[in-house]
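Structure first, then comments.
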Amino acid sequence: MPADKCYYLTSPIYYVNDVPHIGHAYTTLACDVLARFKRLDGFDVHFLTGTDEHGQKVEKSAAAAGIDPQSFTDKVSQNFRDLADAMNYSHDDFIRTTEERHTKASQAIWTKLKENGHIYLGTYAGWYAVRDEAFYDESELTDGEGGTKIAPSGAEVEWVEEPSYFFDLSKWQEPLLKFYEENPDFIAPESRRNEVISFVKGGLHDLSISRTSFKWGVPVPDDPEHIMYVWLDALTNYITAVGYPDENSQEFSKYWPANLHMVGKDILRFHAVYWPAFLMGAEIDVHHRVFAHGWWTNEGQKISKSVGNIIEPNEIVDTYGLDQVRYFLLREVPFGNDGDFSHRAMISRINGDLANDLGNLCQRVLSMVNKNCDAKVPACAESGLEDLPVYGTLQEVHALLPKVRQHIDRQAFHDALEEIWRVVRDANRTVDESAPWALRKTDPEAMASVLYILIEVIRHFAILLQPFMPQSCAKMLDQLSVSEKAREFVSLKTEENSTPFDQNALQPGTSLPAPEGIFPRFSD
Ligand code: MSP
């Protein structure tokens with residue numbers, strides 16, 4: 001497979017001690033849609049997710065739970081695997097940073113950075129937020145209650161003073177700025193790119209990359225009193241998973257550099273500043289792109305454990321249905337912006353877009369075929385179709401894939417869905433205009449042609465929407481008797497002025513199962 005037909009994408013690895021909530025589900029969902037899309041589009045995809053299991057925060061949580069950190073992480077890491085199953089993610093690998101392969105890779109990148117002269121021993125004195133596992137400058141802090149100091153994220157910081165190894169980040173300002181300039185698509189969306197550039201232009205300090213005040217992490221090679229900074233360890237997961245330090249391995253050559261690291265806006269700096277600097281320092285190619293999405297609030301309020309307003313993915317999936325939740329999260333908010341989760345908005349998408357638009361289209365067309373065409377794919381006239389109103393819809397549906405592909409390549413999931421829905425709504429309008437039910441008596445052949453074209457239109461929607469709503473689209477494709485191997489994008493027609501007749505088009509005379517509603521209305 002040529003390298004440009006390989007696609008490696010990653011979600012962040014999640015802190016195990018958090019209860020998985022909608023924010024975690026969202027980042028990986030976006031990756032899942034992209035991974036499924038690329039696979040259907042003929043790519044050799046490698047989709048990685050996993051858990052971030054080291055660091056002071058996890059050590060503290062394990063101590064609070066009264067168990068050793070390894071048993072603790074074994075237990076809680078399972079919550080994220082369960083989330084992955086519940087959300088129907090199609091990851092190819094689930095990495096845990098406590099795995100042997102990862103210790104090996106983390107120590108190897110450290111050794112390489114050391115050999116290349118980018119690591120030195122010193123003393124760290126400064127502010128650290130355990131919750132964020134991040135260092136802060138005095139100037140970034142505000143005063144909290146009882147004399148405490150607070151980081152911009154809201155986390156309380158503590159003063160840390162201990163021997164520490166440093167990475168010479170200050171030397172990477174110019175190389176990073178040059179890299180951003182030469183790779184204008186490296187950071188998306190645009191507004192985030194500008195933020196990162198001005199942060200780097202503001203000057204970079206050397207970064208403390210080891211700690212001696214706790215034990216739970218990867219020991220520094222040749223100085224095991226020091227534990228590697230959890231972010232250096234965590235970021236390295238992206239290369240561990242493709243075989244690093246064996247840079248000649250088949251996996252590494254095929255998949256690295258990653259095509260995309262998908263992250264939330266809060267962790268962009270780690271992926272767009274520190275990680276490329278570490279990679280450059282270790283003479284490893286830098287990933288192609290980082291996309292930073294926005295944050296969800298719950299009915300207008302920041303989601304947090306302490307406020308007690310966490311939205312548990314399982315609960316909303318039980319209430320609304322899995323594909324409904326997947327659709328909502330990627331349709332409701334332009335990807336990259338912040339968004340608000342509300343039950344009202346969810347119900348409005350389910351009843352509007354899914355039940356009234358797509359569900360209704362499928363249900364009424366397939367019922368008419370079932371009743372009036374002997375439950376078989378009807379025959380379609382080979383000429384004179386241009387005069388039918390549904391013909392315009394067919395041409396539009398044939399033009400969809402290249403447009404949707406462009407949106408997906410920019411991670412504009414909302415635009416991809418809106419592009420498809422424009423045609424779904426048009427299809428419903430042309431059903432009304434064509435009134436196949438009235439043609440039944442006056443011109444049964446025209447009725448058959450209209451219905452044939454409409455089920456061809458539905459076949460296109462069902463194939464194109466699989467990445468977003470895999471289970472529902474599988475049902476739609478079953479109802480059209482489309483075989484498994486004819487569900488990839490190569491089975492779609494993509495020329496604007498084409499008729500439906502090619503080898504992948506539905507074959508007249510094929511029996512169709514009795515239609516069943518796929519997108520029910522939600523009523524309280
Ligand atoms: N462990 C680090 C990532 C290391 S990657 C090498 C981490 N973990 S996390 O569990 O705190 O967060 C993981 C992801 O969840 C981030 O992308 C973050 O943006 C996302 N979200 C957490 N809360 C969120 C919302 N309320 N809304 C949307 N996404 C949010 O950071």
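Numbers here are sequence positions counted from 1. Everything numeric in this text was worked out from a predicted model, so none of it was measured. For ligands, and for the atoms within them, numbers begin at 1 and follow the listed sequence.
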Quick one: sort the H293 and F335 rings into parallel, tilted or perpendicular, breaks at 30° and 60°. tilted
CA sep, side-chain torsions, deciding dist, call: F135, Y229, ring-ring contact (aromatic ring centres under 6.0 Å, His included): CA-CA 11 Å; F135 302 100; Y229 174 39; 5.2 Å; yes
Specify the protein heavy atom at minimum distance from atom 17 (O) of ligand 1: its residue, its atom name, and the distance to 0.1 Å. G264 N, 2.8 Å
min-distance protein heavy atom vs atom 22 (C) of ligand 1 -> W295 CZ2, 3.7 Å
Note: ligand 1 atoms sitting under 4.0 Å from heavy atoms of A234 are 6 (C)
Distance-only donor-acceptor hits, side chain of residues 313-322, under 3.5 Å, sequence neighbours excluded:
residue	atom	partner	partner atom	Å
T319	OG1	E315	O	2.9
Y320	OH	H343	ND1	2.5

Option set V58, I303, I267, criterion heavy-atom distance to atom 31 (O) of ligand 1, minimum: I267
Tell me the protein heavy atom at minimum distance from atom 27 (N) of ligand 1, and give that distance in Å. W296 N, 2.9 Å
Where does the angle between the aromatic ring planes of F80 and Y14 fall among parallel (under 30°), tilted (30 to 60°) and perpendicular (over 60°)? parallel
For S348, give me all partners under side chain to side chain contact (heavy atoms under 4.5 Å, CB included), at least two apart in sequence or on another chain. none
What is the closest protein heavy atom to atom 3 (C) of ligand 1, and at what distance does it sit? I13 O, 3.2 Å
Can a non-hydrogen atom of H293 be found less than 4.0 Å from any atom of ligand 1? yes
Measure the distance from atom 19 (O) of ligand 1 to every protein heavy atom, then report the residue, atom name and distance (to 0.1 Å) of the closest one. D266 OD1, 2.5 Å
Atom 14 (C) of ligand 1: nearest protein contact (heavy atom, Å): Y14 CE2, 3.6 Å
Should the ring pair W231 and H271 be called parallel, tilted or perpendicular, given that the plane angle runs from 0 to 90° and is split at 30 and 60? perpendicular
Of F278, Y255, F186, which is the lone residue that meets ring-ring contact (aromatic ring centres under 6.0 Å, His included) with H287? F186
Indicate yes or no for a side-chain donor-acceptor contact from Y89 to the backbone of A25 under 3.5 Å, with no hydrogens or angles considered. yes
Taking only non-hydrogen atoms of W231, do any sit less than 4.0 angstrom from ligand 1? yes
Heavy-atom distance to atom 10 (O) of ligand 1: which of Y26, F270, F80, Y15 wins? Y15
Which word best sums up how the rings of Y327 and W421 line up, parallel for under 30°, tilted for 30 to 60°, or perpendicular for over 60°? tilted
Which label fits W256 and Y8: parallel for a plane angle under 30°, tilted from 30 to 60°, or perpendicular past 60°? perpendicular
Distance filter under 4.0 Å to H24 heavy atoms, resulting ligand 1 atoms: 10 (O), 15 (O)
Heavy-atom contact under 4.0 Å between G294 and ligand 1? yes
Ligand 1 contacted by Y238 (non-hydrogen, < 4.0 Å): yes
R192 side-chain N/O to V290 backbone N/O, donor-acceptor pair under 3.5 Å: no
If we only count N/O pairs under 3.5 Å, is P12 in contact with ligand 1? no
D52 heavy atoms, cut-off 4.0 Å: which ligand 1 atoms fall inside? 1 (N), 2 (C), 4 (C)
Could you check atom 20 (C) of ligand 1 against the protein and tell me its nearest heavy-atom contact, residue, atom and distance included? T27 OG1, 3.8 Å
When you measure from the heavy atoms of H21 to every atom of ligand 1, does any distance fall below 4.0 Å? yes
